[in-house]
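Down below is the structure, laid out as structure tokens.
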Amino acid sequence: MKKLILLFFLAIGEILLAQQILPEIERAKVIDEILADRFNNLLPQLMDETDIDMWILISREYNEDPVLRTMLPARWLNARRRTILVFYRDKAKNTIDKLAVARYNVGDNILSVWDKEKEPEQWKRLIQLIEERNPKKIGLNFSKDHNIADGLEKTDHEEFMQNLPKKYHKKVISAEQLAVGWIETRTAREMIIYNQLVDITHDIIAEAFSEKVVTPGITTTTEVEWWMRQKVTNLGLETWFHPTVDVQRTSEEIVGHLYSFSDRPEDMVILPGDLLHCDFGITYLRLNTDCQELAYILKPREREAPEFLRDALKKGNKVQDFLTDNMIAGRTGNEILAKALQDGREAGLRPAIYTHPLGSYGHSAGTTIGMWDAQGGVMKADGENYPLRPNTVYAIELNTTVTIPEWKRDIRIMLEEAGFYGEDGFRYVNGRQTELLLIPRIKEHLGE
């Protein structure tokens, strides 16, 4: 009986923490409603902008085009057999056909138009649809510049072209701009939801970086990482990468950018005086977060972090400001990067910026603003000429190197927050860190 009571209270505690997280059946309803809105309102707009009146996506089960994967209804976790989606936009009539050359309706939004008893061959049925509509342009998902827009695999492309009548071959073009637009563009309802996602992310980090999880002198960085991973699982969520936790302290030398990702030592015991850093994100309602925050482990008799660390964080915030101030629609990622780095250096800072699109995927499609190993700008294969567009979300990811005389070394202030670029400019989705988290939290009622 005591065990049952304990399990009950543990479950109640988890429910209270997760009260803003929907059960699976409600998630499915929201996902399908958002998809309907995107298909009926966003997709026609994107097809008009890119001047593609027919978009064909082809995938086979367990080898899905990453764009097609975002179009599947909530009950579909994968494509089925060979799934072919056809979107036809008639701008003059202001209509859009959403068709599936498949044995099933693809949810409520995309209707099956293949009766195998009437036409046994799937490719022939697809060609019939093309001939009936006679599109001006046929967009397929192949691209050298955007990996997410390159989801049409070799076999399906060859079979499609072999079956397509020669007169249509010259109409086949890359749908990369349409595919990227679909992946990167967020609707108004998605942005309401995004605030909740980032809030959940912030809450998990705040709990992980507290005395509830960290006992200085005992807890290791690896233990905190797995606590975060388990917390996500307990809440019924997912994460798109394994969390990382690392420390900077007086006895350590500054290390390269790979340190936080692959070269950091595991099982480092967290000690008073440490500057603690995490990289963490979640997946929920088909959207992703990516966040890096910092905490300080208080020494005995300390009631706040040392001033030199608080000042270092302010320098990191300044780099964020230089970046986001330069995020202007129409500028390419390389242009934004160059100007933000210049502004930061002229202010006496030592910045590095590697901001990426965020949304349907963690490392999503859109405007890439630097990479940690490409501070001179990204190359064409990474979308160097792709301009910043409204209604898009980014992981504002960067760092600045700061000399700490008290520690006789340099440290790196690494920050990352979700930011939204809309019609009115830039805003953080759910705020940003401007103060270090303290472990343990100060108990104001206790004197010395």
Side-chain angles (χ1 to χ4, degrees), residues 29-59 64-76 79 83-102 104-113 126 129-130 132-143 146 148-152 171-194 285-287 357 359-361 364-367 386-387 389-393 422-423:
K29 179 181 177 182
V30 171
I31 287 170
D32 288 342
E33 288 174 354
I34 288 173
L35 269 178
D37 177 41
R38 290 177 63 85
F39 282 133
N40 295 326
N41 298 304
L42 175 61
L43 184 55
Q45 171 191 331
L46 293 174
M47 294 184 75
D48 292 347
E49 288 177 1
T50 55
D51 195 28
I52 293 176
D53 56 339
M54 180 171 282
W55 190 17
I56 299 176
L57 297 89
I58 309 169
S59 278
E64 288 82 7
D65 177 322
V67 177
L68 182 143
R69 178 175 286 278
T70 69
M71 296 175 166
L72 299 178
R75 295 187 182 189
W76 283 43
T83 297
I84 302 176
L85 305 184
V86 179
F87 301 103
Y88 176 69
R89 169 66 172 162
D90 188 326
K91 190 175 180 180
K93 295 181 180 178
N94 193 27
T95 59
I96 183 165
D97 295 338
K98 304 179 290 295
L99 312 172
V101 187
Y104 319 91
N105 290 336
V106 182
D108 295 330
N109 294 303
I110 306 173
L111 301 181
S112 171
V113 288
L126 173 60
L129 295 173
I130 294 172
E132 288 168 5
R133 288 157 179 79
N134 191 26
K136 296 176 182 177
K137 294 180 182 178
I138 301 172
L140 300 179
N141 285 358
F142 57 86
S143 171
H146 301 275
I148 289 176
D150 194 37
L152 178 62
K171 295 185 176 185
V172 175
I173 64 170
S174 168
E176 62 179 3
Q177 299 299 314
L178 176 54
V180 172
W182 170 266
I183 291 293
E184 74 168 350
T185 307
R186 303 273 68 83
T187 64
R189 187 173 181 188
E190 284 178 301
M191 287 315 305
I192 295 171
I193 292 169
Y194 229 131
L285 296 175
R286 295 194 178 176
L287 295 172
S360 300
Y361 292 95
S364 202
T367 306
Y386 194 78
R389 291 167 53 91
N391 302 317
T392 50
V393 174
E423 299 291 347

Go through the steps to decide whether Thr83 and Tyr104 satisfy the test side-chain contact (heavy atoms from CB on, under 4.5 Å), and finish with yes or no.
-> CA-CA 9 Å; Thr83 297; Tyr104 319 91; over 6 Å; no
Might you work through the side-chain contact (heavy atoms from CB on, under 4.5 Å) test for Glu190 and Asp37, ending with a clear yes or no?
-> CA-CA 10 Å; Glu190 284 178 301; Asp37 177 41; over 6 Å; no
Go through Thr392 and Thr367 one step at a time and tell me if the side-chain contact (heavy atoms from CB on, under 4.5 Å) criterion holds.
-> CA-CA 9 Å; Thr392 50; Thr367 306; over 6 Å; no
Could you walk me through whether Val113 and Val86 pass side-chain contact (heavy atoms from CB on, under 4.5 Å), step by step?
-> CA-CA 10 Å; Val113 288; Val86 179; over 6 Å; no
Full working for side chain to side chain donor-acceptor pair (under 3.5 Å) between Glu184 and Tyr386 | CA-CA 12 Å; Glu184 74 168 350; Tyr386 194 78; 2.7 Å; yes
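With hydrogens and angles disregarded, a donor-acceptor distance shorter than 3.5 Å links the side chain of Arg38 to the backbone of Trp182. Side chain of Asn141 to main chain of Gly151: no donor-acceptor pair is present (N/O by atom type, distance under 3.5 Å, no hydrogens or angles). The main-chain N or O of Ala102 is found under 3.5 Å from a side-chain atom of Ser112 such that the two form a donor-acceptor pair. Listed for the Lys136 side chain is no donor-acceptor partner under 3.5 Å among the backbone atoms of Asp53. Of the possible polar contacts, none joining the Asn109 side chain to the Lys98 backbone as a donor-acceptor pair under 3.5 Å is found. At distances below 3.5 Å, not a single donor-acceptor pair connects side-chain atoms of Asn105 with backbone N or O atoms of Leu111.
Residue Leu285 holds its CG atom at 11.0 Å from OH of Tyr194, rounded to the nearest 0.5 Å. For the atom pair CZ of Phe87 and CG of Asp97, the computed distance is 10.5 Å after rounding to the nearest 0.5 Å. With rounding to the nearest 0.5 angstrom, the CH2 atom of Trp76 is 9.0 Å from the CG atom of Leu68. Here OG1 of Thr187 is found 6.0 Å from CD1 of Ile34. Values are rounded to the nearest 0.5 Å. Note: Thr185 OG1 to Leu42 CG = 5.5 Å, rounded to the nearest 0.5 Å. Rounding to the nearest 0.5 Å gives a distance of 9.5 Å between CG of Asp65 and CD1 of Ile58.
Heavy-atom minimum distance, Glu176 versus Ser143: OE1-OG, 2.5 Å. What you find for Ala365 and Pro357 is that their closest heavy atoms are O-CB, 3.4 Å. Considering all non-hydrogen atoms of both residues, Ser364 and Ile183 come closest at OG-CG2, 3.2 Å. Here the closest heavy-atom approach between residue Met47 and residue Trp55 is recorded as CE-N, 4.0 Å. Across all their heavy atoms, His146 and Gly366 have their closest contact at CE1-O, 4.5 Å. Pairing each heavy atom of Leu72 with each of Leu35, the nearest pair is O-CD1, 3.3 Å.
Residues Lys91 and Ile96 have side chains not in contact (no heavy-atom distance under 4.5 Å, counting atoms from C-beta outward). With a 4.5 Å cut-off on side-chain heavy atoms, Met191 and Asn391 do not count as touching. Put simply, the side chain of Leu129 reaches to within 4.5 Å of the side chain of Val101, judged on heavy atoms. At a threshold of 4.5 Å between non-hydrogen side-chain atoms, the residues Arg189 and Val30 count as touching. Using a 4.5 Å cut-off on side-chain heavy atoms (C-beta onward), Met54 and Lys171 make no contact.
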